[in-house]
Trainee: 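Let me give you the structure first, and then I'll get to my questions.
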Amino acid sequence: MPELALFRMRAVAAGALVAAALAMPGAANAQMQRADVDEAVQRYLIAHPEALGPAIEKYLVDHPEALRAALLALVAKRAASQPAPAVAAVDARQAIADNAKALYAAPLQTTVGTADGTRTVVEFYDFNCGYCRKALGDTLALIAEEPNLRVVLKELPILGPDSVEAAKVAIALQMHHPSAAESLEFHRRLLATQGRVDRAKALKVAADLGFNAGELEKDAASAEVNEALQQNMRLASALGINGTPGYVVGDSVIPGAVGAAALKARIAAPKQP
């Protein structure tokens, strides 16, 4: 917390200054109350304005997280003082219709469940998203309970370079024509991985499933994979999806990990005319 970090910094600085003040002539034998200490510190600061610098510097060296907390607090304060930019509402039905091909039939998309299912759920996800990891159970439950359901997994790596590299491996995997079961197992294992998911972990999971890690790594760096990833980014933007997980069911865009029950209810709902 920024307040706690600032309090600690002040405490360290004040401690150093109190010690200095107590070392002043006549102060050592005085029984100083808080007001006396504050007055002594103030007098010492006036006489020695340079004394605060080393104390703060030492604190920042010992506790670098305090600087980060202070900067985050400053950014948050400035953001709060600025009016939020106007965001145009997305017409979900129109956006889905306009982007149907990219949404449901992209060349390198990951499809699990029933390939020719009569209903489709599209999920945008990030391998390092904690909510996506929790929502994995929802996806698995839907596939198990809905025999005519097709699930399209769209990589949307919004949580840093590691996520981007893992997403590229996932897309490259589709160039090797995995079965739906293999794609689902790859997806399941990576989302169940402890710690940050990156390219190395994605390649290891693929290798464990019998794919050639060297070829996958080469394919992941290709222009074709990069374009597929950029298409996912453009598609998410067009649909108004700016976080993960995000779902498209029928003519609706559903943000967040809403749970299997909510998704099932939307799947079962009749399509709007």
Side-chain angles (χ1 to χ4, degrees), residues 64-65 67-69 71-72 75 102-103 106-113 121-143 151-237 239 241-248 255-257:
E65 70 279 2
L67 181 59
R68 178 177 181 274
L71 289 173
L72 289 176
V75 171
L103 194 58
L108 292 179
Q109 70 183 20
T110 301
T111 304
V112 298
V121 170
V122 179
E123 178 184 350
F124 289 81
Y125 74 96
D126 184 314
F127 282 119
N128 285 304
C129 168
Y131 294 105
C132 296
R133 294 181 179 187
K134 292 179 181 179
L136 173 62
D138 301 332
T139 302
L140 296 176
L142 289 175
I143 292 173
V151 178
V152 177
L153 300 172
K154 296 286 188 182
E155 297 78 10
L156 185 63
I158 58 176
L159 297 176
D162 288 343
S163 293
V164 172
E165 294 303 317
K168 287 182 177 180
V169 174
I171 295 172
L173 185 70
Q174 300 309 309
M175 299 175 72
H176 296 256
H177 309 293
S179 65
E182 288 172 326
S183 291
L184 182 60
E185 185 62 11
F186 175 85
H187 185 74
R188 186 193 68 77
R189 290 192 191 186
L190 267 193
L191 281 178
T193 298
Q194 295 295 317
R196 293 285 296 178
V197 175
D198 55 16
R199 176 175 55 186
K201 289 181 179 178
L203 289 172
K204 183 179 185 306
V205 168
D208 290 343
L209 291 173
F211 294 91
N212 187 310
E215 291 181 2
L216 272 179
E217 186 170 20
K218 180 180 178 181
D219 292 337
S222 68
E224 185 176 1
V225 166
N226 184 65
E227 173 54 29
L229 184 56
Q230 292 305 312
Q231 184 183 67
N232 285 358
M233 298 290 195
R234 293 191 297 268
L235 184 57
S237 178
L239 296 168
I241 295 175
N242 52 24
T244 53
Y247 302 91
V248 175

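None of these values were measured; they are calculated from a predicted model.
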Trainee: Do Val152 and Leu103 touch side chain to side chain, with heavy atoms closer than 4.5 Å?
Mentor: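 A side-chain contact under 4.5 Å is absent here.
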Trainee: Given the rule in the side-chain contact (heavy atoms from CB on, under 4.5 Å) test, do Phe127 and Arg133 qualify, once you have shown the distances and angles that lead to the verdict?
Mentor: CA-CA 8 Å; Phe127 282 119; Arg133 294 181 179 187; 5.9 Å; no
Trainee: Would you call Pro157 and Leu229 a side-chain contact if the rule is heavy atoms closer than 4.5 Å?
Mentor: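 Counting from C-beta outward, Pro157 and Leu229 do come under 4.5 Å.
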Trainee: Would Met175 and Val225 count as a side-chain contact (heavy atoms from CB on, under 4.5 Å) here? Give the steps.
Mentor: CA-CA 9 Å; Met175 299 175 72; Val225 166; 3.7 Å; yes
Trainee: Could you pull out the closest heavy-atom pair between Leu190 and Val205, with the gap in Å?
Mentor: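 It is CD2-CG2, 3.8 Å.
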Trainee: Supply the atom-to-atom distance Asp198 CG to Lys204 NZ, rounded to the nearest 0.5 angstrom.
Mentor: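 Asp198 atom CG to Lys204 atom NZ measures 12.5 Å (nearest 0.5 Å).
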Trainee: Between Asp126 and Ser163, does any side-chain donor sit less than 3.5 Å from a side-chain acceptor?
Mentor: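 A donor-acceptor contact under 3.5 Å links the two side chains.
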Trainee: Establish, from distance only, whether the side-chain atoms of Glu155 and Thr110 form a donor-acceptor pair under 3.5 Å.
Mentor: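 There is such a pair between these side chains.
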Trainee: When rounded to the nearest 0.5 angstrom, what distance separates CG in Asn232 from CG in Leu153?
Mentor: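 Asn232 CG to Leu153 CG: 10.5 Å, rounded to 0.5 Å.
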Trainee: State the OH-OG1 distance between Tyr131 and Thr244, to the nearest 0.5 angstrom.
Mentor: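 The distance works out to 10.0 Å.
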Trainee: For residues Val151 and Thr139, determine if any side-chain heavy atom of one lies less than 4.5 Å from a side-chain heavy atom of the other.
Mentor: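 In contact.
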Trainee: Indicate the atoms forming the closest heavy-atom contact of Gly195 with Lys201, along with that distance.
Mentor: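 The answer is C-NZ, 4.0 Å.
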Trainee: Go through the side-chain N and O atoms of Asp219 and His176 and say whether any donor and acceptor fall under 3.5 Å apart.
Mentor: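 Present: a donor and an acceptor within the cut-off.
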Trainee: Just so I know, are the side chains of Leu209 and Phe186 near enough to count as touching, which here means a heavy-atom distance under 4.5 Å?
Mentor: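 In short, these two side chains touch, coming nearer than 4.5 Å.
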Trainee: For the atom pair CD (Gln109) and CD (Gln231), what is the distance rounded to the nearest 0.5 Å?
Mentor: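 Atom-to-atom, Gln109:CD and Gln231:CD are 9.0 Å apart.
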Trainee: Hey, mind stepping through Leu159 and Cys129 against side-chain contact (heavy atoms from CB on, under 4.5 Å) and telling me if it holds?
Mentor: CA-CA 7 Å; Leu159 297 176; Cys129 168; 3.9 Å; yes
Trainee: Is it the case that the side chain of Glu217 and the backbone of Gly214 share a donor-acceptor pair, with hydrogens and angles ignored and the cut-off at 3.5 Å?
Mentor: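 Looks like no, no N/O pair under 3.5 Å.
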Trainee: Atom CG in Leu142, atom OH in Tyr247: separation rounded to 0.5 Å?
Mentor: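 These two atoms lie 8.0 Å from each other.
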Trainee: Which heavy atom in Leu156 sits nearest to a heavy atom in Phe124, and how many Å separate them?
Mentor: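 Result for this residue pair: CD2-CB, 4.1 Å.
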Trainee: Can you tell me if Arg199 uses its side chain to pair, donor with acceptor, with the backbone of Val169 under 3.5 Å?
Mentor: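 The answer is no, because no donor-acceptor pair under 3.5 Å joins these two groups.
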Trainee: Taking the side chain as everything from C-beta on, heavy atoms only, tell me whether Glu123 gets closer than 4.5 Å to Lys154.
Mentor: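 When only atoms from C-beta onward are counted, Lys154 and Glu123 do not touch, as no gap falls below 4.5 Å.
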Trainee: Arg188 side chain to Leu140 main-chain N or O, any donor-acceptor pair under 3.5 Å?
Mentor: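 Checking the backbone N and O of Leu140 against the side chain of Arg188, no donor-acceptor pair under 3.5 Å is found.
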Trainee: Do the side chains of Val121 and Val248 get nearer than 4.5 Å, heavy atoms only?
Mentor: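 SC-SC contact between Val248 and Val121 ruled out.
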Trainee: Check whether any side-chain heavy atom of Leu216 lies under 4.5 Å from a side-chain heavy atom of Leu173, and answer yes or no.
Mentor: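 Yes. Closest side-chain heavy atoms under 4.5 Å.
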Trainee: Which atom pair, heavy atoms only, marks the closest approach of Leu136 to His187?
Mentor: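 Looking at all heavy atoms of both residues, the shortest contact is CD1-CD2, 4.0 Å.
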Trainee: I need the Asn242 CG to Ser237 OG distance, nearest 0.5 Å.
Mentor: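 One finds 9.0 Å between CG of Asn242 and OG of Ser237.
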Trainee: Where do Ile143 and Gly113 come nearest, in terms of heavy atoms and distance?
Mentor: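 Shortest heavy-atom separation between Ile143 and Gly113 comes out as CG2-CA, 4.0 Å.
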Trainee: Would you call Lys218-Glu215 a salt bridge at under 4.0 Å N-O?
Mentor: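 Looking at Lys218 and Glu215, the cut-off is not met.
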